[in-house]
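Take a look at the structure set out below.
Everything quoted here is computed from the prediction, not taken from an experiment. Every chain is numbered from 1, with letters handed out A, B, ... down the list of sequences.
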There are 2 protein chains.
Amino acid sequence: MVAQRGRRNGAAAHKRTRGGATPDADNAPTAEIPAVAENGADPEVRAKSIPEAAVARLAVYLRILSAMAEQGATTVSSEELSTAAGVNSAKLRKDLSYLGSYGTRGVGYEVAVLVGQIERVLGLTRQHKVAVVGIGNLGHALANYGGFPGRGFPVEALFDIDPDLIGVPVGGIPVTHLDDIPQVCADRQISIGVIATPPAAAQTVCDRLVEGGVQCILNFAPVVLQVPEHVEVRKVDLAVELQILSFHVARRADNEPNGKVAESTVAGNGAVLQS
Amino acid sequence: MVAQRGRRNGAAAHKRTRGGATPDADNAPTAEIPAVAENGADPEVRAKSIPEAAVARLAVYLRILSAMAEQGATTVSSEELSTAAGVNSAKLRKDLSYLGSYGTRGVGYEVAVLVGQIERVLGLTRQHKVAVVGIGNLGHALANYGGFPGRGFPVEALFDIDPDLIGVPVGGIPVTHLDDIPQVCADRQISIGVIATPPAAAQTVCDRLVEGGVQCILNFAPVVLQVPEHVEVRKVDLAVELQILSFHVARRADNEPNGKVAESTVAGNGAVLQS
DNA sequence: GCCGCTTTGTGCCTGCGTTCACAAATGAAC
DNA sequence: GTTCATTTGTGAACGCAGGCACAAAGCGGC
Ligand SMILES: NC(=O)c1ccc[n+]([C@@H]2O[C@H](COP(=O)([O-])OP(=O)(O)OC[C@H]3O[C@@H](n4cnc5c(N)ncnc54)[C@H](O)[C@@H]3O)[C@@H](O)[C@H]2O)c1
Ligand SMILES: NC(=O)c1ccc[n+]([C@@H]2O[C@H](COP(=O)([O-])OP(=O)(O)OC[C@H]3O[C@@H](n4cnc5c(N)ncnc54)[C@H](O)[C@@H]3O)[C@@H](O)[C@H]2O)c1
């Protein structure tokens, strides 16, 4: 299949296919925010541009901080929080600095303030309604999972193509037919669509979600989705995860061509005590 | 030149806490391979050092190539494959160049060769046995999923703490009790452990897996795991994924402080014709 | 009120990852 | 055999992210 010849790539590179987010370390494009300068909507908050990698970590910090708050902690130091999150303390401080300056030198950060600020930046001050499409093995697990509603992501619609499933409640919500995706999503103001259908159906489902006004898609099907520019896609590809792990095993095996497997490297427990 | 006081990074960088892989765009540390120079084990293959980000993409290319092979394709150009994978063609070629030079200039790549080479580099030439711990909603889905065995990752052990589950076969494999993790993993040469237990149990389960000689862990529980240095952890945190999506929605909303929601931006199909 | 201790916030440097652009290689046509 | 069209492979430039180290900033003790 040699296909298209002719044109070098004069206008080629433009066709940003968009959509297929590489499984993991992609999303490089630093979340740009054109410095909304005027528009005094947000008072003192000058939402700079936060690196995508930092956003991912902020979500982790938020979970840890919430847990700390529940246990009664009122302040944390960057050292504390960073070890709990498994990152460098300098990196943590830099990440927090994207929020603004909410720490007290010599003391640390106030847990409640930090929680509030991270929620603000991540847009968690309002709820984001979620729809799950494909109520099979995985879809059932997602629909039943309590961790989403608890964090501001209520699941408010379920879809499938299987007639036997239509109308059956899963996790308290009845399953609707695939064809109603656009309608229902628009009606219920769904903002996040989760795709857990077989790969072959994923693109079609995706198109309908977009049609229904869904702005974000979390895709579990191992396919690269095509979406319009204003829609954000993230992919969770478990097979890829396993293959990355496999790579590391192989690499390690190559590096130590000693005994066979060297199993029983029990190493006691991995208590990374300090540093 | 600011002189640089004190040790630049002489021996500092060691304190790597290791373990808690940030949810997403982390794993930066370019998979180092000390250039095994001698040791003629692998004939012509000089396993260089492949960037982690590239490894993730290679796994995606592999899936696409496999599908193409099934449809009878024998060769592909970088242009074709790159659009299918949703990446830049230059990036694709660079990624493939980490494998060695297996393309034919003016023609393209032979699908079969590429598949073989990627499998070799990812360590997929041998099987990696998988164990799943925590056979709840998610664990059931994972245990039943056919996509893993089909890709060289046979699930060969299931564990849970629930007495009602012990002995019950799920996806053809009976569930074993938690306590037997070290024994069973060692016996069956499990190399990858998947954790799908409640967060509170994750660290304990992780320790036992390590005790059983498991080298890689895929963690679904929203906690940061502590592991010894020789164990590789990857985390799949769905709440974090949703929060990253939320961030993008919020960001976009901030940028366009026009009408309310501007829904119905159906935009027909996402054919991003030209830049 | 001053001093010293602690912890934040950040400037700077380094290194990885992405992208461009082009030389080299190859096959086909004549 | 030469030339042309095509596509690979990669050197080099660039931009982002990570990490160090220190100045600035509070707090508490004396
Ligand atoms: N189960 C896992 O652990 C796992 C792991 C990795 C990836 N995945 C991926 O997740 C997706 C779902 O996996 P699963 O195990 O739940 O599969 P499944 O077969 O159990 O469920 C698929 C569901 O989608 C429904 N469906 C089929 N066609 C549809 C369509 N056109 N529109 C809407 N719904 C449709 C089916 O009725 C079924 O309920 C697959 O793409 C799979 O590759 C699953
Ligand atoms: N279900 C989802 O869609 C989803 C989404 C995101 C994250 N998660 C995470 O995945 C994990 C599992 O989720 P789930 O919905 O399957 O939960 P679940 O409650 O359905 O299943 C948990 C299973 O773990 C078992 N278990 C409890 N303690 C254990 C222990 N000490 N050792 C071994 N097994 C033990 C339970 O018996 C149960 O079978 C949780 O950490 C959850 O936060 C789940």
Side-chain angles (χ1 to χ4, degrees), chain A residues 1-10 12-14 16 22 24-32 48-57 75-82 87-110 113-114, chain B residues 1-17 22 24-32 48-58 75-82 87-110 113-114:
Chain A
M1 261 297 155
V2 181
Q4 66 185 94
R5 60 278 309 307
R7 175 120 310 91
R8 178 117 217 62
N9 71 344
H14 294 297
R16 303 239 4 238
T22 334
D24 218 84
D26 65 351
N27 299 55
T30 296
E32 260 297 339
K48 301 271 200 55
S49 109
I50 305 182
E52 180 95 3
V55 173
R57 285 190 298 269
T75 62
V76 274
S77 68
S78 62
E79 198 63 43
E80 252 180 293
L81 186 51
S82 68
V87 303
N88 183 305
S89 77
K91 195 192 293 189
L92 175 122
R93 285 199 300 276
K94 180 154 284 186
D95 287 343
L96 293 186
S97 76
Y98 293 123
L99 308 174
S101 282
Y102 297 99
T104 308
R105 300 182 182 213
V107 177
Y109 301 87
E110 216 168 312
V113 173
L114 233 41
Chain B
M1 255 320 154
V2 187
Q4 90 182 53
R5 56 289 308 303
R7 172 126 309 87
R8 179 110 220 67
N9 70 348
H14 292 299
K15 332 196 312 181
R16 310 234 3 233
T17 310
T22 335
D24 218 81
D26 65 347
N27 298 58
T30 297
E32 262 297 340
K48 300 270 201 56
S49 107
I50 304 182
E52 181 94 1
V55 172
R57 287 190 297 268
L58 283 171
T75 62
V76 275
S77 68
S78 63
E79 198 64 43
E80 255 180 292
L81 186 52
S82 68
V87 302
N88 182 305
S89 75
K91 195 192 290 190
L92 176 121
R93 285 199 299 278
K94 177 146 283 188
D95 287 343
L96 294 185
S97 76
Y98 294 123
L99 308 172
S101 281
Y102 296 99
T104 308
R105 299 182 181 211
V107 178
Y109 301 86
E110 216 166 313
V113 172
L114 233 42

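Residue A/Ser78 has no polar side-chain atom (N or O) positioned under 4.0 Å from OP1 or OP2 of C/dT7.
Partners of A/Val113 under the side chain to side chain contact (heavy atoms under 4.5 Å, CB included) rule, at least two apart in sequence or in another chain, are A/Tyr102, A/Glu110, A/Gln117. Residues meeting the side chain to side chain donor-acceptor pair (under 3.5 Å) test with A/Ser82, sequence neighbours left out: none.
Spacing between atom CD of A/Glu52 and atom C1' of C/dG17 amounts to 15 Å, rounded to whole angstrom units. Distance B/Lys91 NZ to C/dC16 P: 17 Å, rounded to the nearest Å. Whole-Å rounding puts the B/Asn88 CG to C/dG17 C1' distance at 12 Å. Look at CD1 on B/Ile50: it is 11 Å from P on C/dG17, rounded to the nearest Å. For the pair B/Glu79 CD and C/dA21 P, the interatomic distance rounds to 15 Å; values are reported in whole Å. To the nearest angstrom, P of C/dT10 lies 13 Å from CG of A/Asp95. Between the P atom of D/dT7 and the CG atom of B/Leu92 lies a distance of 14 Å, rounded to the nearest Å.
Rounding to the nearest 0.5 angstrom, the gap separating the CG atom in B/Asn88 from the CD atom in B/Glu79 is 8.5 Å. Separation of atoms OG (B/Ser77) and OH (B/Tyr109) is listed at 9.0 Å; rounding is to 0.5 Å.
The closest side-chain heavy-atom distance from B/Asp95 to B/Val55 is not below 4.5 Å.
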Polar pairs (N or O, both sides) under 3.5 Å between protein and nucleotides 9-13 of chain D?
unit_1 : atom_1 : unit_2   : atom_2 : d
D/dG9  : OP1    : B/Tyr102 : N      : 3.4
D/dG9  : OP1    : B/Gly103 : N      : 2.9
D/dG9  : OP2    : B/Tyr109 : OH     : 2.6
D/dG9  : O4'    : B/Arg105 : NH2    : 2.9
D/dG9  : N7     : B/Arg93  : NE     : 2.9
D/dG9  : O6     : B/Arg93  : NH2    : 3.2
D/dG11 : O6     : B/Lys94  : NZ     : 3.4
D/dA12 : N6     : B/Lys94  : NZ     : 3.0

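Mapping A/Gly106 and A/Ala54 onto DNA chain D via the closest heavy atom, the residue that lands nearer the 5' end is A/Ala54.
With hydrogens and angles disregarded, no donor-acceptor distance shorter than 3.5 Å links the side chain of A/Thr104 to the backbone of A/Val107.
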